[in-house]
Structures are given as C-alpha cells and as structure tokens.
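One structure below.
Numbers restart at 1 for each chain; the letters A, B, ... are given by sequence-line order, proteins then strands.
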Amino acid sequence: MLDAKYIRENLEAVEQRLKTRGETVDLSGFRLCDTRRRELLLESESLKALRNKVSDEISRIKDKSQAQDRITEMRDVSRRIKALDDDLKGIEEELQGYLLTIPNIPHATTPVGASEADNVEVRKWGTIPELSFIPKPHWEIGEGLDILDFERGARLTGARFTLYRGAGARLERALINFMLDLHTERHNYVEMLPPFMVNRESMTGTGQLPKFEEDLFRLDGVDYFLIPTAEVPVTNIHRGEILKASDLPIRYTAYTPCFRKEAGSYGKDTRGLIRQHQFNKVELVKFTRPDRSYQELELLLADAEKVLQLLEIPYRVVELCTGDIGFSATKTYDIEVWLPGQGTYREISSCSNFEDFQARRASIRFRENEKSKLEFVHTLNGSGLAVGRTVVAILENNQQADGTVIIPEALRPYMGGMEKIG
RNA sequence: GGAGAGAUGGCCGAGUAGGUCGAAGGCGCUCGCCUGCUAAGCGAGUAUACUGGGAAACCGGUAUCGAGGGUUCGAAUCCCUCUCUCUCCGCCA
C-alpha cells in the first residue's frame, strides 16, 4: 500500500510511474474519495468538538433541568454526527479499496519494459553441460527411474499434483534440509515453521488480497487460505508490531508447501513438475531499515544463488522490468536455472524488495532511537529455492546417457551417501 | 463441542450506582540536578493515527481502554455480537 498523503501530493508522478507497469492507472477515483473524506472529517470533527465542549458544560450543571435546552440541542448534533460518520465510513471503505489495489511504484533502477521479453540479464554462472546424447525432459527421466509418478498424483487429487517415490521423495526432502541448513548455519537466518494456512488479514498484509483471491485456495467454512508462499505467514509474523532498531535486519527462513490455483495458466507447463498446484519451497524473508534494503536485496539474492553454486547447476540472474515485477515489489531479481531437457532457462527463485509497501499494509514499524518517530521497515523476500524446480534442474542437468542421474556432491550427505539415482 | 474466567498505555496494574479518565500507581526509558563511579536520591518528560494551521519549531481538533454495533447530551465504565487468551470437561494426531 502506498501512503495516501504521498499519492495526494504527487498524483501525476505516481500515475506516470505506475504506468510503466503496463496497466492503465487512473487515480481520479482515489482523488475524489480522498478529498471528500477530508471534507466530511472536518465537518464531523468540529461537531464532535462542540459536543464535547457542551457535554462538559452539562456535567457541571447540578440541576439538570437547567440544561434541558442544551441537551436537546446536542441530541440533534449527535444525530448529524451519526449521519456524517456513516457517510465517512462508506468513503473510507472506498478509499481503502483504492489504496489496497494500487500496485507499488517500481524503483528507479528497475528497467522499464512491457513484458518478460524486456527483462535484463545481470549475470550467468556455471557452464552449460555438453552432452553427448539428446537430453530428456525431467518428466521422462523421473518416470524412467520410477521416482516421479504423475499419473497416480492425478489419481489422488487431479491435474498438477505429483506423487514422489523412493529416491525422488528422498531427493526433495534432502534439498529442503540442505537449503535450510545452508541458510541457518552459513547465512544467519532463523528457521521458522509457520502455519500453512492463514487468515484474510495476513493475505492482505503481504498483498495477495484483495486483488488476487482467484489465485488462492480458500477453505470452506472458515475464512482461511492455503498459503501460496511462505512469504505470507513469515512476513506477517511481525504484523502490527514495533521492532527494535537494534534487531534489524531480521532474517527468517522457512520451508513450507505452497498452494496455487494457477488460474489463467491453463495449458501452460502441463507436463512435469514446473507448474503444480502444490509445491515445496524454502523461503528467505528480511525486515530491514529503509536505508539498507537495497543492499540487503543484493545479499539475499547472493544467499539464494549460493544454493545453486553448491549444487553446481548453471543459472543466470535477470532483473525484471517494470512490466513484469509483481504487484507489491519495487525491484525483483529472478534466478533462472538452465534446463537442458527443455533447452531454456526457467525461474527457480524470485528475490524482491517491497520497501514499505507490505509494512504499511501490515503495520510493521521500528523506531530509529528514543526520540525519533515510528517508521515503517522495509520487507524483502526471495525463494531459496523452489524445491520441486531444483529437483527438475538436478534431473535434467545431471542426467546420464543410461538414464541415471548423478547426485550433486554437496547433497550426498543428505541422501545417505547415495551418489546416483538409478 | 460443553462450562467458566479474562482482554486497559513499552511492561505490570488501578479504575464498573456513566461526566473532573488518554486514563491513578509502579516499573522501564529519556533529559537535568546531585553524587562521582558501573548504586541510591531529587526534578521534569515519556502513546499512536488521522486532521486543520505553519516554511519549520510547534500549536489546535478528533479518535483510540481486544474488535464491531447500540443506549445516552456524555461510556474504559451499561446492553448486544464477534475475536482471542487462560482453566476445567469431552474428543483427537
């Protein structure tokens, strides 16, 4: 959420910068509401001031019959206040509706562009393996080794659900542990294990609601949602809190499954593990001082990259353009792994700075020192990494001519010493 | 699921026959004095949001005692609904 006062005072500039996201932005509705709200507020509050003053006078009059005319007068004033406040409530809801659906302003360094095609490659790491055979896509490798069962996954639930078996299940679990250990032991994150379903306030706090409800699985009977990413519960840990400046930056990591309806992606990535309704992810979340958040974003990105470096999987980092960054973000780096089976790079991590956009929605603040006033923290997060897609990357990059898959050395302790699958 | 208790400021904790309560007191914290050493004492200060005015310092208004509604000239205090926490019973991994 943007600061209403900031929008009010920089209307044109805000509109211009939001347009770079490629959406049509019209802030006139906001403007009308905002103005109307202040008019109503002024009127209501001055009447309340009057009422308070007269009520105080009434309280001093011992013989209440002497106060009858004032009581009658205030009865009428109260009625008018009630009417004004009813209007005000409606306007404020409308205003809130605008504020909650206006996306964040892209950072000045975010490249301007219309779509994915305009994203900017920042760097490449690793060397793409030269294979002496035609690489297979991971779903063929997985089925060949009998470690991924798409058919039975679909039987259990439906399309976009997968059953892992044997070394496949073990690989997924090994990766989760490997990533968590790396981030907690070497990168100084505190491990969290949050609820996998959250309430509406939490979803609103990080920006999934109210705009993207159709992407979420909602429970029947209670107003809870399955989390689409650990970002939601982990960022909301400090919702409504005032953090100590000396505690910043706060770094959390969490493994959770993620649930997404994938509405609007029908027919996209229908095979394999790339796009599932349920997938595992290890997430990194930071709460930082505003003046440090962009440095912290680089560090967070490096922490995520480290996973792939240790697993020796080639990847590249791209900076998303204004037309491709998410609703709540000001700046985002994606890490994309090389997938030989598909001959392309695919996203495996997305690392973003949200500045105070989520902190304002969720009211997460800190105080620089005793005398200074409260400020919103900046929140950041990134995948560290998407686990299912890491399995995909390992299967496709480490596949051998005979259909077996070499397990990266760094992962072997987590696989009971196993060196290859098959 | 059943029964009961509770929710007040950074923390603890007063305050229920409605008005002088943004809210006693204590702790903590900040500044000053004293003292002079990692103490005690004394004095002052110490919420947030919105909003009006002002270049600013700041001054004024309104709201907030779990949340939302109601009664009333006026509610932390009365009524209703909801949420959460705790205790006991039941059920259960």
Requested in this report: Between Arg70(A) and Lys373(A), name the one whose nearest nucleotide on RNA chain B is closer to the 5' end.
Outcome: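 This one resolves to Lys373(A).
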Sort me out a list of protein N/O and nucleotides 81-84 of chain B N/O pairs below 3.5 Å, or just none if empty.
none

Could you list the donor-acceptor pairs under 3.5 angstrom formed by side chains in residues 304-313 of chain A, with sequence neighbours left out?
residue   : atom : partner   : partner atom : Å
Glu305(A) : OE1  : Arg123(A) : NE           : 3.2
Glu305(A) : OE1  : Tyr315(A) : OH           : 2.6
Glu305(A) : OE2  : Arg123(A) : NH2          : 2.6
Gln309(A) : NE2  : Tyr315(A) : OH           : 2.8

**Report entry** Check: His107(A) ring centre within less than 6.0 Å of Tyr294(A) ring centre
**Finding:**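 Aromatic pair counts; centres sit under 6.0 Å.
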Query raised in the report: What about the rings of Phe357(A) and Phe327(A), do their centers lie closer together than 6.0 Å?
Result: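 Yes.
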In whole Å, measure the gap between the [atom1] atoms of [N] and [M] for me.
N      : M      : atom1 : answer
C79(B) : U71(B) : P     : 15 Å
A39(B) : G28(B) : P     : 12 Å
C59(B) : A7(B)  : P     : 35 Å
C31(B) : A5(B)  : C1'   : 43 Å
C78(B) : C91(B) : C1'   : 39 Å
A75(B) : U16(B) : C1'   : 11 Å
A17(B) : U77(B) : P     : 13 Å
G74(B) : C21(B) : C1'   : 13 Å

Over how many whole Å does the gap from [X] atom [atom1] to [N] atom [atom2] extend?
X         : N      : atom1 : atom2 : result
Phe366(A) : G10(B) : CZ    : C1'   : 17 Å
Arg367(A) : G28(B) : CZ    : P     : 19 Å
Glu241(A) : G10(B) : CD    : P     : 13 Å
Leu243(A) : G10(B) : CG    : P     : 14 Å
Leu88(A)  : G68(B) : CG    : P     : 14 Å

Taking ring pair (Phe, Tyr, Trp, His ring centres under 6.0 Å) as the test, write out the residues that go with [X], two or more places apart.
X         : value
His183(A) : His187(A), Tyr189(A)
Phe30(A)  : none
His238(A) : Tyr252(A), Phe287(A)

Query raised in the report: Hey, is CD on Glu151(A) packed in by over 12 heavy atoms from elsewhere, all under 6.0 Å?
Result: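 Open.
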Query raised in the report: Crowded around Glu116(A) CD? As in, over 12 foreign heavy atoms under 6.0 Å?
Result: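 Count not over threshold, so no.
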Query - Salt bridge present between Lys261(A) and Asp215(A) (N-O < 4.0 angstrom) - result: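 No, Lys261(A) and Asp215(A) are not salt-bridged.
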**Report entry** Separation of Ser28(A) OG from Asp34(A) CG (nearest 0.5 Å)
**Finding:**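 If we round to the nearest 0.5 Å, Asp34(A):CG and Ser28(A):OG are 12.5 Å apart.
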Query raised in the report: Can you give one letter per nucleotide of nucleotides 50-65 of chain B, going 5' to 3': B for a protein heavy atom under 4.0 Å from the base, S for sugar-phosphate only, - for none?
Result: SSS--------BBS--
Query raised in the report: Would a 4.5 Å heavy-atom cut-off, applied to side chains only, mark Asp324(A) and Asp118(A) as touching?
Result: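 No; the side chains remain at least 4.5 Å from each other.
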Requested in this report: State, yes or no, whether a side-chain contact exists between Phe150(A) and Leu273(A) at a heavy-atom distance under 4.5 Å.
Outcome: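 The answer is yes; the side chains approach within 4.5 Å.
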Report task. Both distances under 3.5 Å, Watson-Crick or G-U wobble: on that basis, could you give the dot-bracket string for RNA chain B, with [ ] for crossing pairs and | for other-strand partners? Result -> ((((((((.[[[..)...(.....]]]((((((.......))))))(((((((....))))))).[[[[[..)....]]]]])))))))....
At less than 4.0 Å, is any side-chain N or O atom of [X] found next to OP1 or OP2 of [N]? Yes or no.
X         : N      : result
Lys244(A) : G10(B) : no
Arg365(A) : A49(B) : yes
Arg60(A)  : C73(B) : no

Show me the donor-acceptor pairs within less than 3.5 Å that the side chains of residues 409-422 of chain A make with the rest of the protein, sequence neighbours left out.
residue   : atom : partner   : partner atom : Å
Arg412(A) : NE   : Ile407(A) : O            : 2.9
Arg412(A) : NH2  : Ile407(A) : O            : 3.0
Tyr414(A) : OH   : Asp181(A) : OD2          : 2.7

Query raised in the report: Side-chain donor-acceptor pair under 3.5 Å between Ser202(A) and Asn199(A), yes or no?
Result: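 The answer is yes; a qualifying pair exists.
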Could you run down the sub-3.5 Å N/O contacts of the protein with nucleotides 15-19 of chain B?
residue : atom : partner  : partner atom : Å
G19(B)  : N2   : Ser55(A) : O            : 3.2

Report task. Residues of residues 74-83 of chain A with any non-hydrogen atom less than 4.0 angstrom from an atom of RNA chain B: list those, numerically ordered, please. Result ->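 Heavy-atom cutoff 4.0 Å gives Met74(A), Arg75(A), Ser78(A), Lys82(A).
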Using a 3.5 Å cut-off and no angle test, enumerate the donor-acceptor pairs between side-chain atoms of residues 158-171 of chain A and protein atoms at least two apart in sequence or in another chain.
residue   : atom : partner   : partner atom : Å
Arg160(A) : NH1  : Lys268(A) : O            : 3.3
Arg160(A) : NH1  : Asp269(A) : O            : 3.3
Arg160(A) : NH1  : Arg275(A) : O            : 3.1
Arg160(A) : NH2  : Ser265(A) : O            : 2.9
Arg160(A) : NH2  : Lys268(A) : O            : 3.1
Thr162(A) : OG1  : Gln276(A) : OE1          : 2.7
Tyr164(A) : OH   : Glu172(A) : OE1          : 2.8
Arg165(A) : NH1  : Asp146(A) : OD2          : 3.4

Query - Donor-acceptor pair, side chain of Asn236(A) and main chain of Met203(A), under 3.5 angstrom - result: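 Such a contact is absent between Asn236(A) side chain and Met203(A) backbone.
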Query raised in the report: Reckon Ile242(A) touches a base, only the sugar-phosphate, or nothing at all at heavy-atom distances under 4.0 Å?
Result: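 Since no nucleic acid heavy atom lies under 4.0 Å of Ile242(A), the category is nothing.
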Side chains of residues 94-105 of chain A: which donor-acceptor partners sit under 3.5 Å, not counting sequence neighbours?
residue   : atom : partner   : partner atom : Å
Thr101(A) : OG1  : Gly97(A)  : O            : 2.9
Thr101(A) : OG1  : Tyr98(A)  : O            : 3.1
Asn104(A) : ND2  : Ser328(A) : O            : 2.9
Asn104(A) : ND2  : Phe354(A) : O            : 3.2

